[in-house]
Amino acid sequence: MRRILFMAVAACFTTLAAADEGMWQPAQLPAIANQLKQRGLELPPARLTDLAGPTMGAVVSIGGCTASFVSPEALVVTNHHCAYGAIQYNSTAERNLIKDGFLARTQAEELPGDPNLRVYVTDEIRDITREIVGQIDAKVGGLARYEAIDRAQKAAVAKCEKPGIKCDVYTFHGGYSFQLVRQREIKDVRLVYAPPAAIGKFGGDIDNWMWPRHTGDFSFLRAYVGKDGSSRPYAKDNVPFKPKHFLPLNTAGVEAGDFVMVAGYPGRTNRYRLAEETRDAINWQYPTNIRLYSEILDIINRAGAKDAGTAVKYANSVASFNNYLKNFRGQLEGLAKAQAVEVKTAKEDALLTWLRGQDGETAALAADIGELRGVLSEQRKVRERDLVLGYLNRTFLYNASYHIYRTATERTKPDLQREQGFQARDEAKIEGTLKQWERRMEPAVDKQLFVHFLRSYVKLPPDQRVAALDAWLGNAQADDAALVQKVDALYAATRLTQVDERLRWFKAKPAEIEASDDAALKFMVALLPELLQIEQARKQRTGDELRLRPRYMQAMIAYNETQGQPVYPDANSSLRVTFGQVQGFKKDGVEFTPFTTGDGIVAKTTNEDPFDTPATQYQALVARDYGRYASAKSGSLPVNFLADLDITGGNSGSPALDAQGRLIGLAFDGNWDSVSADWIFDPKLTRSIQVDLRYMLWVMDKVDGAQNLLREMGVAGEAATPSGG
């Protein structure tokens with residue numbers, strides 16, 4: 001078994017959860033073994049701590065989503081929306097795989113994913129808190145603390161990494177603990193199968209975050225390595241990776257009340273945030289982003305309506321923006337209903353009252369919480385500026401010129417002194433991004449977005465302005481027509497819209513870039529010094545937060561334990577396990593049952609997007625041609641099911657497993673009431689939504705004729721001949 005070593009502090013994160021709340025680290029599971037057994041787990045909980053073992057060894061990250069191996073030939077299953085980038089990358093207006101779907105009937109037909117698509121297999125998690133902060137005086141904050149932690153993190157990563165092995169230091173509880181995660185990195189990931197969007201995105205944004213749901217949100221990829229087993233970028237002579245473990249399938253499925261668990265890489269939750277941070281999210285963060293996302297989508301969709309090629313290029317971005325937009329609206333509604341600010345304020349008041357009743361160091365934590373509020377106040381003063389600069393960095397031209405020049409300047413330093421994200425280990429990812437802009441960007445659309453964000457910038461108050469950017473804008477700050485002309489001239493006088501030029505400049509030295517007459521590079525050369533000053537000020541604030549946030553969390557953990565409340569780290573994209581049961585929920589006098597069926601697809605079908613069921617599928621559903629994939633209990637075809645699992649973004653594609661660790665479906669969404677669970681978990685209403693394995697297999701067999709993949713997974717299909725392509 002691989003080592004999973006933790007400091008004594010990690011052992012305290014073991015208080016039993018109320019209901020099934022909690023995104024638990026694998027090492028915590030033995031401490032809640034009784035609860036797992038009570039819920040119905042049949043595996044020994046200790047088996048789930050073995051990261052290279054039969055269950056956890058099959059669960060992988062694909063960067064922002066989760067997936068799992070389901071065959072000895074490294075066939076990987078994940079959500080359709082997680083593979084959407086690979087589908088879009090291989091699509092054109094003439095060959096639209098998003099709309100039509102894709103099936104490789106042989107490995108030779110599989111398509112390379114985008115240059116940055118990776119499969120990460122976690123094999124070790126080790127606590128290194130002492131290595132990171134053990135030598136830093138507890139009173140040191142600010143830039144000194146930030147830089148000391150940064151140096152220690154980079155040293156730990158450098159010591160761990162080697163070819164094919166990626167290591168990262170993850171921060172838990174705001175800096176209360178640090179853990180080193182080691183992963184096998186597989187760089188050649190190919191698209192194998194994706195159903196058409198009418199199945200993979202059935203219901204579209206209308207049904208997103210809603211129940212009942214009937215979405216076939218699944219796709220298949222494959223991981224490849226060199227013939228010698230080494231991790232290599234895409235090459236025709238690479239061969240399928242040989243995973244040590246892959247998940248067995250439970251083709252009989254589950255029923256209401258059955259145990260279910262999900263293993264995956266949830267992105268971020270905010271359960272331990274202060275009340276004022278929750279208030280900021282409600283009053284500023286979510287409303288501001290809703291406005292900006294809506295404006296971005298309007299620009300892109302108007303361009304896409306005029307040109308099919310543009311629509312395909314931005315399809316992945318549009319899907320992502322729409323998902324976040326609906327999520328933000330759900331967050332606002334849910335937080336208001338839950339009276340989140342009031343709840344968190346009451347808990348903080350109770351915490352401070354409890355601290356006043358303690359003595360020694362514990363009592364002193366109250367003052368640190370007060371200091372933390374001061375740091376948050378300083379961050380609030382520059383949030384509008386930082387938001388606008390962040391959105392500018394989402395435009396192609398700004399992002400490309402920034403990464404080209406910043407990487408060049410960082411290369412002049414020893415690697416361990418380079419900024420994280422710009423070290424030698426990061427260059428392949430940056431180069432991959434510079435390459436894939438070719439299929440994901442139209443200069444005319446990018447120009448409109450650039451103008452749009454500059455319009456937001458010139459409305460900032462004087463104390464949040466960037467002098468170098470003001471100087472570049474000149475009189476365009478007060479003249480919108482001049483601003484548009486300024487940006488037109490910028491795009492007309494740059495060659496970075498050409499992929500070969502981007503890659504050439506990416507290899508250039510700072511002096512060469514500084515001498516260039518390319519307008520975009522000249523723009524960034526002028527801007528970067530002040531951007532670095534802004535970055536230094538941010539590091540100063542972050543260093544203060546890294547001193548004070550752990551003190552707040554130390555107090556909160558101690559207080560929660562006295563109240564018998566669950567103590568688990570907020571999600572941070574590291575491997576977690578959550579568990580519960582298949583069950584529906586009641587809301588406003590209405591009872592929602594845990595399964596949807598094929599009959600629901602027939603009832604929803606309108607023959608118009610997003611309810612345009614493919615004819616072959618519709619005919620089979622009307623005929624109730626379910627075959628072996630029907631529920632033994634109801635006789636219907638299960639499509640999606642609910643469970644009381646605690647998941648969030650990043651869990652998309654996570655394998656839903658039964659009591660024996662067999663695959664029964666894929667987590668892909670939550671109900672509307674689960675959206676605000678990122679802040680406050682409500683066990684009565686929070687539900688995860690999974691696509692049922694039986695529906696996945698039925699679509700593969702009866703609709704798309706993917707018998708080659710069924711055989712590879714050890715499933716005997718029923719269809720005599722393929723009916724899809």
Any side-chain to backbone donor/acceptor pair from [X] onto [Y]? Under 3.5 Å, distance only.
X      : Y      : value
Asn90  : Pro112 : yes
Thr686 : Asp682 : yes
Ser631 : Ser634 : yes
Asp701 : Glu718 : yes
Thr605 : Thr613 : no
Asn671 : Leu685 : yes
Arg662 : Ala659 : no
Asn79  : Cys82  : no

No-hydrogen, no-angle side-chain donor-acceptor test under 3.5 Å, [X] and [Y]:
X      : Y      : answer
Ser688 : Gln690 : yes
Thr215 : Asp217 : no
Thr269 : Asp570 : yes
Gln88  : Arg440 : yes
His80  : Lys201 : no
Glu712 : Ser71  : yes
Arg268 : Ser573 : no
Asn322 : Asp205 : yes
Glu185 : Ser231 : no
Asn323 : Asn208 : yes
His81  : Ser652 : yes

Member of Leu642, Leu657, Asp658, Leu645 meeting the side-chain contact (heavy atoms from CB on, under 4.5 Å) criterion with Val260: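 The residue from Leu642, Leu657, Asp658, Leu645 that satisfies side-chain contact (heavy atoms from CB on, under 4.5 Å) with Val260 turns out to be Leu645.
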
Kindly give the heavy-atom pair with the smallest separation between Val76 and Ala67, and that separation in Å.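 The pair with the smallest heavy-atom distance is CG1-CB, 3.3 Å.
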
Looking at every heavy atom in both Gly598 and Leu621, which two are closest together, and how far apart are they?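 So the two residues come closest at CA-CD2, 3.9 Å.
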
Are any of the side-chain heavy atoms of [X] and [Y] separated by less than 4.5 Å?
X      : Y      : value
Leu75  : Leu709 : yes
Ile601 : Phe202 : yes
Lys326 : Trp672 : yes
Val639 : Asp692 : no
Thr251 : Arg628 : yes
Thr66  : Pro655 : yes
Phe172 : Asp127 : no

Under 30°, 30 to 60°, or over 60°: which ring-plane class applies to His173 and Tyr272, parallel, tilted or perpendicular?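 His173 vs Tyr272 ring planes: perpendicular.
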
When the ring planes of Phe220 and Phe218 are compared, do they come out parallel, tilted or perpendicular, using 30° and 60° as the limits?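 Correct class here is perpendicular.
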
I'd like to know if Glu333 and Arg329 make a salt bridge, using a cut-off of under 4.0 Å between side-chain N and carboxylate O.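 No, Glu333 and Arg329 are not salt-bridged.
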
Tell me if the centroids of the rings in [X] and [Y] come within less than 6.0 Å of each other.
X      : Y      : value
Phe241 : Phe69  : yes
Phe328 : Tyr293 : yes
Phe592 : Trp211 : no

The test is ring-ring contact (aromatic ring centres under 6.0 Å, His included); show your working for Tyr695 and Tyr629 and say whether it passes. CA-CA 7 Å; Tyr695 180 60; Tyr629 308 108; over 10 Å; no

Residue that, paired with Asp644, satisfies side-chain hydrogen bond (donor to acceptor under 3.5 Å, both in side chains) out of Arg687, Gln583, Lys684: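 That would be Gln583; it is the only one of Arg687, Gln583, Lys684 passing the side-chain hydrogen bond (donor to acceptor under 3.5 Å, both in side chains) with Asp644.
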
